[in-house]
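Remarks on the structure that follows.
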Number of protein chains: 2
Amino acid sequence: MKTKDDIRETLINVAGNIFSKFGFKKTTMDEIADAARKGKSSIYYYFSSKEEIFGAVVEKEATILEKKILNDINTTDDPKEKIRKYILARMNGIKNLGNFYNALKNDYLSSFESIEKLRIKYDKEEHNLIKKILQEGIEKNIFYIKNTDKTAKAIVTTMKGLEIPLIVKDNKYKIEDRLDDFLDILYYGICKH
Amino acid sequence: MKTKDDIRETLINVAGNIFSKFGFKKTTMDEIADAARKGKSSIYYYFSSKEEIFGAVVEKEATILEKKILNDINTTDDPKEKIRKYILARMNGIKNLGNFYNALKNDYLSSFESIEKLRIKYDKEEHNLIKKILQEGIEKNIFYIKNTDKTAKAIVTTMKGLEIPLIVKDNKYKIEDRLDDFLDILYYGICKH
DNA sequence: TTTTCGACTGTTTTACTAAAACGTTCCAAA
DNA sequence: TTTGGAACGTTTTAGTAAAACAGTCGAAAA
């Protein structure tokens, strides 16, 4: 017998499939209900609104991405390599999460408060993770960084810049091709020493 | 007596004011004509289409920005300082040019071919300018760079990332506050040496 | 000859409306 | 506890006639 949580999860998966295809606005509660073989109003027994079920979908995807990233960076001990793996995993994840993010943007120009809160939460986690890698690099005597907080901020912002071609759906853009040029600057800078 | 070119330029200025306020789509040829105290069809004596006069406006603004940038970076001989001045001038310029760029984006999702060509042209000029500064730095024994072309590409991409908060109109965002953290990484990297 | 513009053309946008679809609630049944 | 049919108020859509639009033309003014 299926528990309440099981059905909730099924609904999240079903809804996720439809949302990723049609975006938030063009997905109707009826469609989700039909695909889940339920009555439309039954969904309201599990979620209080369309926005809430969408938020649950996004949160699930983000959690999967986070796990994948953490897993990837733990395949190495070298902080330099960790940063590399981090950026690669993140960029590849963005391609998928970007679907949801974009779907939102195109539907409503302003996103929801609940999603915005999620974004801020993951931004903070991202910042802390980078910071941790940097500190690890300092301890291992590999990095020399005056202010890990500011440096992490700079790296995160730069990474967001790298992401744009992905979100704008520039298909010919290959991260791997450019990543090493970036890392080279990030690690060693351009000044003589 | 005003020459044809004089009137053309007046029209560009008048149109520029209106375009920057209302964007491409919401600006009508009648409005431009009225503001210039001309009949609408007279404008077609100077420009072949609405798109052409818009292109002329954008080109003029871009040229002004380019002059300002070139002027700024020539106030110093230090390549490091040149890059700093370049980014500052560029970012501040984007705030204004962003008006036009955004106006276009919000009106039509896809921009015009003619504007796209301009963008590509200025992207190339930007790349070459950065490359020139880098080479100057190498000659002066300040920079150590394996591949100036790839490095210039990396810097330009990073700069585009820095621009986003400006285009998204994040008013509290101050470039100056973060610029030096970026430059510190760009110049010296994060690795011990 | 160079420049201007009123009148015109075909197309696109707007303003309006009624009908359909939507998210959400309610409540009785399972 | 869980389900879904019916109903509610709101939003979106489809359709349409009128207005506004970009662009043309040819005659007149400079």
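Since the structure is predicted, the reported quantities are computational estimates derived from the model, not experimental observations.
- Rounded to an integer number of Å, the gap from CG of A:Leu11 to C1' of D:dT3 is 13 Å.
- In this structure, CD1 of B:Ile32 is placed 12 Å from P of D:dC21, rounded to the nearest angstrom.
- Whole-Å rounding puts the A:Asp30 CG to C:dA21 C1' distance at 9 Å.
- Look at CD1 on A:Ile18: it is 11 Å from P on C:dG23, rounded to the nearest Å.
- Across the protein-nucleic acid pair, B:Met29 atom CE and D:dA22 atom P stand 7 Å apart, rounded to whole Å.
- Remark: side-chain polar atoms of A:Lys160 are not paired, donor with acceptor, to backbone N or O of A:Ile155 under 3.5 angstrom.
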List, one per line, each side-chain donor-acceptor pair under 3.5 Å for residues 32-44 of chain A, sequence neighbours excluded.
none

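- Contacts between residues 33-46 of chain B and DNA chain D, defined by a heavy-atom separation under 4.0 Å, are made by B:Lys40, B:Ser41, B:Tyr44.
- For the helix from C:dT1-D:dA30 to C:dA30-D:dT1, the terminal axes (five pairs an end, C1' atoms, rotation from four pairs onto the next four) enclose an angle of 40°, given to 10 degrees.
- Legend: residues meeting side-chain contact (heavy atoms from CB on, under 4.5 Å) with A:Ser48, ordered by chain and number and at least two apart, are A:Glu52.
- The separation between A:Glu52 atom CD and C:dG23 atom C1' is 14 Å, rounded to whole Å.
- Counting only residues at least two apart or on different chains, the salt bridge (charged side-chain N to carboxylate O under 4.0 Å, His left out) pairs with a member in residues 143-153 of chain A are A:Lys131-A:Asp149, A:Lys146-B:Asp184.
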Using atom types as modelled, flag every donor-acceptor pair under 3.5 Å from a side chain in residues 57-65 of chain B to any protein atom, sequence neighbours excluded.
residue: B:Lys60; atom: NZ; partner: B:Asn13; partner atom: OD1; Å: 2.5
residue: B:Thr63; atom: OG1; partner: B:Glu59; partner atom: O; Å: 2.7
residue: B:Thr63; atom: OG1; partner: B:Tyr122; partner atom: OH; Å: 3.4

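- At whole-Å resolution of the value, NZ in A:Lys50 and C1' in D:dT11 are 11 Å apart.
- With sequence neighbours left out, A:Asp72 forms a salt bridge (charged side-chain N to carboxylate O under 4.0 Å, His left out) with A:Lys68.
- Scored by the side chain to side chain donor-acceptor pair (under 3.5 Å) test, B:Arg8 finds no partners at all (sequence neighbours excluded).
- Between B:Phe24 and B:Phe54, the ring-plane angle classifies as perpendicular under the 30° and 60° cut-offs.
- One atom, CG of B:Asp6, and another, P of C:dT3, lie 11 Å apart when rounded to the nearest Å.
- Screening residues 76-88 of chain A for side-chain hydrogen bond (donor to acceptor under 3.5 Å, both in side chains) gives A:Lys80-A:Tyr188, A:Lys82-A:Glu136, A:Arg84-A:Asp180, A:Tyr86-A:Glu126 as the qualifying pairs, with residues at least two apart or on separate chains.
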